[in-house]
Amino acid sequence: MTVATEATHALKLTERINRIEPSSTMAVVAEADKLRSQGIDVVDFGAGEPHFATPQHIKDAAIAAIQGNFTKYTAVGGTPELRDAIVYRHASDFGSDYKREESIASVGGKHVLFNAILVLVDHGDEVILPVPYWVSFKDIIRFAGGTPVYLESDEQQGFQVSAEMVEHAITPRTKLIILNSPANPSGAVISAEDMMAIVHLAAQRGIWVISDECYVYLNYTGKRFSVGSVRDCKERILVVGSLSKTYAMTGWRLGYGLGPAPVISAMQKLQSQSTSNPASIVQKAAVAGLKGPQQCVEDMRAEYIRLRDYVVAGLRSIPGVTCTMPQGAFYAYPNVSSFLGQGGPKSAGDLAGRLLRESHVATVPGEGFGTREHIRVSYATSVTELNRGLDRMRKFFASL
Ligand SMILES: Cc1ncc(COP(=O)(O)O)c(C=O)c1O
């Protein structure tokens with residue numbers, strides 16, 4: 001074999017990996033970082049993470065864990081102490097009744113979703129996915145061999161999802177429905193009534209529901225809700241949670257799943273052959289977060305509401321831009337369709353690229369979330385940064 005053919009041979013990657021794409025949000029972060037490394041002052045509305053520091057008592061618990069040599073392997077799905085803390089927090093806040101064996105801790109909410117989808121979705125299975133969707137759902141479904149079935153939602157109705165809409169998308173091959181409320185990127189919140197109608201429908205049809213509740217504490221409607229509290233459908237529901245946004249812990253990597261013991265046990269088996277346990281030190285920090293004072297969560301939520309109102313008012317004041325009012329999470333999803341085509345940017349991707357390169361504001365184009373007419377603006381930042389970014393955006397849009 002020549003060196004050239006050997007190299008080609010080595011590069012023959014699996015069909016499985018070729019089914020997926022890199023995360024578009026990560027791509028924006030990388031491009032903004034590149035500009036910053038050239039000394040350019042970029043206003044970053046791209047990042048999907050809190051701007052707050054991790055609360056002190058959580059950091060202290062991690063430091064104590066290191067000092068106390070809590071630095072060895074733990075049980076794959078997390079220590080009993082952590083699993084009990086996850087169950088306790090959820091029961092206290094949402095009235096659920098999970099047991100330790102119905103819980104798992106993994107390396108971030110994304111890891112929980114990856115394990116869950118690989119365990120539940122087989123080749124040929126269909127997965128109903130409301131649009132706009134968080135970038136990774138589609139790729140994890142594809143990686144598992146499943147087919148995403150996109151459920152279009154109406155922007156005029158605030159990107160709402162109802163049982164009636166879901167029912168129309170069900171086929172004999174439907175295996176799973178993925179819900180994400182509050183949603184990334186739209187900030188839409190599905191009402192408790194609609195959520196219950198969807199999970200009851202799914203249970204009647206023998207379909208699984210994964211409820212991604214990574215933003216469940218960042219709900220601005222005043223009516224926080226988890227489907228984990230719908231006890232008569234528990235056998236078909238997997239709740240996915242994360243400490244990333246709730247406690248400003250994105251870099252620590254701690255997420256959890258709550259669901260039927262056989263599914264949790266299968267997820268644990270998969271985890272035992274990949275990452276093993278989440279970092280032991282992080283587990284101690286997570287216990288402090290879940291069992292410690294919760295005022296920090298409320299304080300951050302109050303600040304996000306203030307920032308949301310500020311950024312949405314700012315975006316709506318830009319001629320040609322419209323924006324639904326997000327009810328949760330920390331993203332605004334303005335519609336920029338009036339600027340596309342006719343000699344202007346061809347697509348949201350094109351527009352976001354130009355906004356970054358010409359005006360140095362990082363946003364994420366809607367294509368990665370399944371819509372072509374939007375950009376995602378993360379408002380998890382200071383009012384000063386919001387003002388700087390909004391000013392630049394105003395000038396940029398006026399120039400198109
Ligand atoms: C909807 C949604 N689910 C899951 C995640 C994963 O978060 P993490 O893996 O940090 O817990 C994110 C992160 O942005 C998200 O937006």
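Numbering of ligands and ligand atoms starts at 1, following listing order. These figures come from a predicted structure and were not determined experimentally.
Nearest to atom 3 (N) of ligand 1 among the protein's heavy atoms is D212 OD2, 2.5 Å.
Among the atoms of S242, some N or O lies under 3.5 angstrom from an N or O of ligand 1. Residue-to-ligand polar distances place G109 within reach of ligand 1: an N/O pair is separated by less than 3.5 Å. Taking distance alone, with nitrogen or oxygen atoms compared against 3.5 Å, T250 stays at or beyond that limit from ligand 1. At least one N/O-N/O distance between Y215 and ligand 1 falls below 3.5 Å.
Within the listing of ligand 1, atoms 9 (O), 11 (O) sit less than 4.0 angstrom from a heavy atom of G108. Close approach of ligand 1 to N180 is summarised as follows: ligand atoms under 4.0 Å from at least one heavy atom of the residue are 1 (C). Of all atoms in ligand 1, numbered sequentially from 1 with element shown, those under 4.0 Å from a heavy atom of R253 are 8 (P), 9 (O), 10 (O). Close approach of ligand 1 to C214 is summarised as follows: ligand atoms under 4.0 Å from at least one heavy atom of the residue are 3 (N), 4 (C). Against a heavy-atom cut-off of under 4.0 Å, S244 is close to the following atoms of ligand 1: 8 (P), 10 (O), 11 (O).
For R16, the CZ atom sits in a loose shell: 12 or fewer heavy atoms of surrounding residues, nucleotides or ligands are nearer than 6.0 Å.
A ring-centre distance under 6.0 Å is not found for F330 and Y310.
We find that R83 and E101 are not joined by a salt bridge, their nearest charged nitrogen and carboxylate oxygen being 4.0 Å or further apart. Under the 4.0 Å criterion applied to side-chain N and carboxylate O atoms, D391 and R394 are assigned as salt-bridge partners.
A continuous path of ILVMFWY side-chain contacts below 4.5 Å connects Y220 to Y331, so both sit in one hydrophobic cluster.
Taking all atoms of both residues into account, the shortest heavy-atom contact from P365 to G349 is CB-CA, 3.5 Å.
For the pair G255 and ligand 1, no heavy-atom separation below 4.0 Å is found. Remark: distances from the non-hydrogen atoms of K245 to ligand 1 include one below 4.0 Å.
Of the residues listed (V199, I190, V227), the one engaging S211 in a side-chain contact (heavy atoms from CB on, under 4.5 Å) is V227, and it is the only one.
For the residue pair E385 / Y379, no side-chain donor-acceptor distance below 3.5 Å is found, with atom types taken as modelled.
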